[in-house]
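Have a look at the structure below, then the notes.
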Protein chains: 2
Amino acid sequence: MSKHTHKREAPELLLQNAGLKKTKARLAILTYLQEHPTPHSPEDISRALVNNTDTSTIYRSLETLESCRILTRIDFKKGRAYYEIVDPDHHHHHITCTDCGMIEDVPVCDVEMLIKKALSKTKTFDSIHTHTLEFFGHCSRCKNN
Amino acid sequence: MSKHTHKREAPELLLQNAGLKKTKARLAILTYLQEHPTPHSPEDISRALVNNTDTSTIYRSLETLESCRILTRIDFKKGRAYYEIVDPDHHHHHITCTDCGMIEDVPVCDVEMLIKKALSKTKTFDSIHTHTLEFFGHCSRCKNN
DNA sequence: TTTCTAAATGCGAATTATTTGCATTTGTTT
DNA sequence: AAACAAATGCAAATAATTCGCATTTAGAAA
């Protein structure tokens, strides 16, 4: 998938650094998402885990991992959440074809600039810790019907 | 709310230009969203409409209006959708406080640049017709606990 | 205007994703 | 090894959103 070398933090370390318990569910989810570095829904993940982790555990784990910024949650307007491992060295967003649903990474986003601009426009907000940016369009295949 | 003068296209015209039928539900929704130009959930809208429009009709109308780009759908990560009237002259995004839920407009976004950059990075996509950009942070009140 | 037809609505019921309460298990700390 | 808070599994509940279908309605055609 990726042509780049991704520096993978070991799941154990990710949890440890966040002060989270190293539980089987969390380790399994992180390992899976690291080995499959594209957006996955809770259902995807549930199906993928061999040890048959309970759905509610998956949801709870995903929420915890997202709030610790280990995972990021993405809204593709498909009626369910998707999650990806956060890799600070390869910050990216996505472009989705609204015809066929195909998703591609968009490796650029001048985050610093965007956030600075946003903060300069508000007096009510002191800090921005997260942002979402998604593009929707048509891929060449769908454009030609 | 807004210090700017918003050029409001009459709901009738919006529907006409999109080639949509001018139905009561659509007109009511558009009128409400124009008079209350902040993000609203389907439930908000349902409660607001006097003629007691059916929920499924509201959902169907919102979907139609969004796909015609008359409305935009926003994901504030609150477990439900929010909609706003699209005003091309006042393109904006939002910043949400993840403590208290407060939402503020962020009037800046160099859309053209963002989209151009995104398109330059992909060979698979020909066009981008929509983008989402949301910021999450802490407002000054919440920051000081 | 009246007629006609496809599209939109209302209603009820079904889905689907996600959440919650609680008893049990597990990870970490002492 | 003991102790305890936190995480899990299970079952059941929510909450948002969707669907099927009979009825109505907006706009085109006559």
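The chains referred to below are lettered A, B, ... by the order of the sequence lines, with proteins before strands, and numbering in each begins at 1.
Phosphate proximity of dA16(D) to S41(B): absent, as no side-chain N or O sits under 4.0 Å from OP1 or OP2. Under 4.0 angstrom from either OP1 or OP2 of dT18(D) there lies no side-chain N or O belonging to Y59(B). Between R60(B) and dA8(C) there is no side-chain N or O to OP1 or OP2 distance below 4.0 Å. For S56(B) and dG10(C), the shortest distance from a side-chain N or O to OP1 or OP2 is not below 4.0 Å.
Using bins of under 30°, 30° to 60° and over 60° for the plane-to-plane angle, the ring pair H94(B)/F76(B) lands in the perpendicular bin.
Note: CZ (R47(B)) to C1' (dA15(D)) measures 14 Å, nearest angstrom. Remark: P of dA8(C) and CG of N51(B) are 17 Å apart, rounded to the nearest angstrom. For the pair K78(A) NZ and dT16(C) P, the interatomic distance rounds to 17 Å; values are reported in whole Å. The nearest whole Å value for the distance from the CG atom in D75(A) to the P atom in dA16(D) is 16 Å. The interatomic distance linking K77(B) (NZ) with dA16(D) (C1') rounds to 19 Å, in whole Å. Rounded to whole Å, the distance from OH on Y82(B) to C1' on dA16(D) is 12 Å. With rounding to whole Å, N52(B) atom CG is found 8 Å from dC11(C) atom P. Regarding D54(B), its CG atom lies at a distance of 15 Å from the P atom of dT24(D), rounded to whole Å.
Here the CG-CZ distance, from D126(B) to R141(A), works out to 12.0 Å after rounding to the nearest 0.5 Å. A distance of 13.5 Å separates CD in E84(A) from NE2 in H36(A), rounded to the nearest 0.5 Å.
Counted within 6.0 Å of NZ on K24(B), heavy atoms from surrounding residues, nucleotides or ligands total 12 or fewer; the atom is thus considered open. Within 6.0 Å of NZ in K77(A) there are more than 12 heavy atoms belonging to other residues, nucleotides or ligands.
Side chain of E43(B) to main chain of T55(B): no donor-acceptor pair is present (N/O by atom type, distance under 3.5 Å, no hydrogens or angles). Side chain of T122(A) to backbone of T124(A): a donor-acceptor contact under 3.5 angstrom is found. With R26(A) contributing its side chain and K21(A) its backbone, the two residues share a donor-acceptor pair below 3.5 Å.
Using a 4.0 Å cut-off on heavy atoms, none of the residues of residues 62-73 of chain A approach DNA chain D. Non-hydrogen atoms lying under 4.0 Å from DNA chain D are contributed by K21(B), K22(B), all within residues 13-33 of chain B.
With the nearest nucleotide of DNA chain D identified for both S61(A) and G79(B), S61(A) has the one nearer the 5' end.
When only modelled atom types and interatomic distance are considered, H93(A) and H131(B) share no side-chain donor-acceptor pair under 3.5 Å.
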